[in-house]
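The structure displayed is predicted, hence computed values, not measured ones.
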Amino acid sequence: GTVLFDVQTAELAWALIMAAMRSIAEEDRAVRAGRWQTTLGRELAGSTLGLAGLGELGQRIARWAHAFDMTVLAWSPHLDPALAREHGVEAVGKDALFERSDIVSVHLRLAPSTIGLVGERELRLLGPRGLLVNTSRGPIVEEAALVNALNSGTIAGAAPSRASMPTSRRRAAVATSSTSAGPRPMPVATAVAAPVTSRVSSAAPGWRRSTASTKGVSSECRVDHSR
């Protein structure tokens with residue numbers, strides 16, 4: 001039903017928010033390749049989440065963000081400030097949403113007025129440390145502008161809702177299949193890995209030991225590849 005779809009979509013959006021902030025996908029690939037701690041994840045606590053849309057989905061995301069000690073902003077074309085206050089959210093203008101947020105999550109319906117709503121201007125305001133998550137319809141975000149922003153470093157990463165988006169040269173967007181109730185694929189965002197050197201040697205059967213160093217700091221981990 002609609003309620004189940006809303007819950008699953010909200011959970012997927014939150015998973016993408018956490019994956020983007022903590023560089024989960026990038027670190028997973030690094031460990032599998034024998035490297036260790038190639039990026040530094042960012043804390044959700046103290047960060048600012050911007051919600052483009054404060055309907056049922058946005059409200060659910062806002063509750064979870066508060067549980068993680070995040071500041072939550074919201075904007076939509078017809079947002080009622082009283083509704084925002086009711087959910088502990090600060091209602092702001094569209095420019096302020098992108099300028100002040102560390103990560104923006106889109107929860108708007110696709111309509112003629114929302115096609116291309118997030119474009120080059122908004123991505124510039126989001127900035128080189130900003131992250132974008134879109135679990136709404138793909139055309140809400142201008143695809144060409146998003147690809148350019150990822151390739152140029154205008155933003156740090158994105159989780160767009162279109163698997164057809166060309167892969168960024170900076171690997172800031174990585175496609176994966178959807179785990180929500182919806183039928184459309186859902187890419188996962190990561191930031192760019194820092195340069196790292198690694199050495200891999202054999203250990204016990206089914207295990208691989210990796211010693212990696214970056215900026216003079218060495219770490220070692222063992223990864224079970226037998227499962």
Kindly indicate, with the supporting measurements, whether the criterion side-chain contact (heavy atoms from CB on, under 4.5 Å) is fulfilled by V106 and V133. CA-CA 6 Å; V106 180; V133 169; over 6 Å; no
Run the numbers on V141 and L132 for side-chain contact (heavy atoms from CB on, under 4.5 Å), then give the verdict. CA-CA 10 Å; V141 179; L132 179 70; 4.1 Å; yes
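By the 4.5 Å heavy-atom criterion applied to side chains, F98 and L123 are not counted as neighbours. Taking 4.5 Å as the limit, some side-chain heavy atom of L16 sits within range of a side-chain heavy atom of T135. By the 4.5 Å heavy-atom criterion applied to side chains, P128 and T154 are not counted as neighbours. V104 places none of its side-chain heavy atoms less than 4.5 Å from the side chain of N134. By the 4.5 Å heavy-atom criterion applied to side chains, L131 and D102 are not counted as neighbours.
Judged by distance alone, the side chain of K94 and the main-chain N or O of L117 form a donor-acceptor pair under 3.5 Å. For S76 (side chain) and L79 (main-chain N/O), a donor-acceptor pair under 3.5 Å exists by modelled atom type. Checking side-chain atoms of E27 against main-chain N and O of I24 turns up no donor-acceptor pair under 3.5 Å. R22 places a side-chain N or O within donor-acceptor distance of the main-chain N or O of R42, the cut-off being under 3.5 Å. No side-chain donor-acceptor contact under 3.5 Å links T9 to the backbone of D6.
Ion pairing between E90 and R100 holds under the 4.0 Å rule for side-chain N and carboxylate O.
Residues that satisfy the salt bridge (charged side-chain N to carboxylate O under 4.0 Å, His left out) test with R109, not counting sequence neighbours, are absent from this structure. A search for side-chain contact (heavy atoms from CB on, under 4.5 Å) contacts involving A144 returns nothing, not counting sequence neighbours. In this structure E99 satisfies the salt bridge (charged side-chain N to carboxylate O under 4.0 Å, His left out) test with no other residue, sequence neighbours excluded. Under the side-chain hydrogen bond (donor to acceptor under 3.5 Å, both in side chains) criterion, D95 pairs with R121, sequence neighbours left out. Residues passing the side-chain hydrogen bond (donor to acceptor under 3.5 Å, both in side chains) test with R85, sequence neighbours excluded: none. In this view, Q59 and H87 satisfy the side-chain hydrogen bond (donor to acceptor under 3.5 Å, both in side chains) rule, not counting sequence neighbours. For E120, the side-chain contact (heavy atoms from CB on, under 4.5 Å) criterion is met by R124, A145, not counting sequence neighbours. Contacts of A15 classified as side-chain contact (heavy atoms from CB on, under 4.5 Å), with partners at least two apart in sequence or in another chain: none. With sequence neighbours excluded, the residues forming a salt bridge (charged side-chain N to carboxylate O under 4.0 Å, His left out) with D28 are R32, listed by chain and number. With sequence neighbours excluded, no residue forms a side-chain hydrogen bond (donor to acceptor under 3.5 Å, both in side chains) with E11.
Distance check, rounded to the nearest 0.5 Å: CD1 of I155 to CD1 of I103 gives 10.0 Å. The CD atom of Q37 lies 10.5 Å from the OG atom of S23; values are rounded to the nearest 0.5 Å.
Counting all heavy atoms, side chain and backbone alike, H107 lies closest to S136 at CA-OG, 3.3 Å. Nearest heavy-atom pair, L110 versus P139, reported as atom, atom and distance to 0.1 Å: CD1-CB, 4.0 Å. Residues I61 and A10 approach most closely at CD1-O, 3.4 Å, considering heavy atoms.
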In residues 46-56, what donor-acceptor pairs under 3.5 Å come from side-chain atoms, sequence neighbours left out?
| residue | atom | partner | partner atom | Å |
| --- | --- | --- | --- | --- |
| S47 | OG | E43 | O | 2.6 |

Side-chain donor-acceptor pairs of residues 62-75 under 3.5 Å, sequence neighbours excluded:
| residue | atom | partner | partner atom | Å |
| --- | --- | --- | --- | --- |
| H66 | ND1 | A62 | O | 3.2 |
| H66 | NE2 | G88 | O | 3.0 |

